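Have a look at the structure below, then the notes.
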Amino acid sequence: FGDWTVAMVDSGAKQWAFQGHSLYTYAGDVNSGEINGNDVEGWSVLVLEPEPPLPPWATVQASDAGELIANAEGHTVYTQFFNPRNRRLSPAILACNGECVDPVWIPFLSDADAKPTGLWTIVTRKDGRKQWAYKGQRIFTHADDKKAGDFKGIRFGGNRMFSAIMRNGMPMQGVSVGG
C-alpha cells in the first residue's frame, strides 16, 4: 500500500519494504524506541514523521542531493550551528548567535507582517531587523547560490557550520555529490 510493499527474498520468505528498500530490525535494540543500530555499518533508522509545515515564503527545490527548502526565489536556505552530529561548539562560536558571519551568508529577513509557523520562527537581530529561524537557528541564503536548487554554501565540503534544510526537516551538511 503506497510506499509500503512486500518483497520476496532469496529464501522465498516475504519481507516488508518501504519505498523499495527492504526493512530490517537490529538485534542490539532490546527496548521499544531504541535505535542502537543507527549508523552501524552504514545502516540508518527509518523515521516516519510528517514533513514539517512550511512558511508561506518557502518553496521546495529539487537538487542532486534531494529536495531542499528554498525562499520564494528558489535560493536554498541554511541554518548556522544546526549540529545533528552532537559535536561540541566553542563558546566563542555560540556567542556569535548568527550575527557575526562571513558576508557571503545573507540573513534571510522576514517581512514586517510575517507570522511563525511550526518550527519556523522569527528572531530579532541586534539592529532591530527580524530574521527567520528554523528550530531556533537563524536562516541565511548564500551569495554563490544563483539558481534554484544550488547549495554552494556547503557543496564539496563547504562550511560545516551551516546546514541546508532538506524538505523532510533534516539538515544537510557539507556534501560532495554531483558536479
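From a predicted model like this one, the values you see are computed outputs, not experimental measurements. Computed from heavy atoms alone, side chains included, the values below leave out hydrogens, waters and symmetry copies.
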Interatomic spacing from [atom1] in [X] to [atom2] in [Y] - rounded to 0.5 Å:
X	Y	atom1	atom2	value
Q131	L109	CD	CG	6.0 Å
K147	Q61	NZ	CD	11.0 Å
K115	I122	NZ	CD1	8.0 Å
F140	S163	CZ	OG	12.0 Å
T121	Y134	OG1	OH	11.0 Å
R125	K130	CZ	NZ	12.0 Å

Going hydrophobic residue to hydrophobic residue with side-chain gaps under 4.5 angstrom, can you get from [X] over to [Y]?
X	Y	result
W57	I106	no
W4	V6	yes
Y26	F18	no

State, with a plain yes or no, whether a side-chain heavy atom of [X] is found less than 4.5 Å away from one of [Y].
X	Y	result
R138	V123	yes
I69	R167	yes
I165	Y78	no
V60	L54	yes

Residue pair [X] / [Y]: nearest heavy atoms and the distance that separates them:
X	Y	answer
T117	P55	CG2-CA, 3.4 Å
P53	G118	CG-CA, 4.1 Å
A72	T59	CA-CG2, 4.0 Å
W16	T5	CE3-O, 3.4 Å

Side-chain (D144) to main-chain (K152) donor-acceptor, under 3.5 angstrom: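 No, the answer is negative, given that no donor and acceptor are paired below the 3.5 Å cut-off.
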Main-chain N/O of N36 paired with D29 side-chain donor or acceptor, under 3.5 Å: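 Looks like yes, one N/O pair under 3.5 Å.
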Qualifying residues under ring pair (Phe, Tyr, Trp, His ring centres under 6.0 Å), relative to H75, sequence neighbours excluded: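 Per chain and number, H75 pairs via ring pair (Phe, Tyr, Trp, His ring centres under 6.0 Å) with no residue.
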By ring pair (Phe, Tyr, Trp, His ring centres under 6.0 Å) - contacts of Y24 (at least two apart):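 With neighbours one apart ignored, the set is W43.
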Residues which pass side chain to side chain donor-acceptor pair (under 3.5 Å) with D111, listed by chain and number, not counting sequence neighbours: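 For D111, no residue satisfies side chain to side chain donor-acceptor pair (under 3.5 Å) once neighbours in sequence are set aside.
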Sole candidate of I139, T79, N71 that passes side-chain contact (heavy atoms from CB on, under 4.5 Å) when paired with W132: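 Going through I139, T79, N71 one by one, the side-chain contact (heavy atoms from CB on, under 4.5 Å) with W132 is satisfied by I139 alone.
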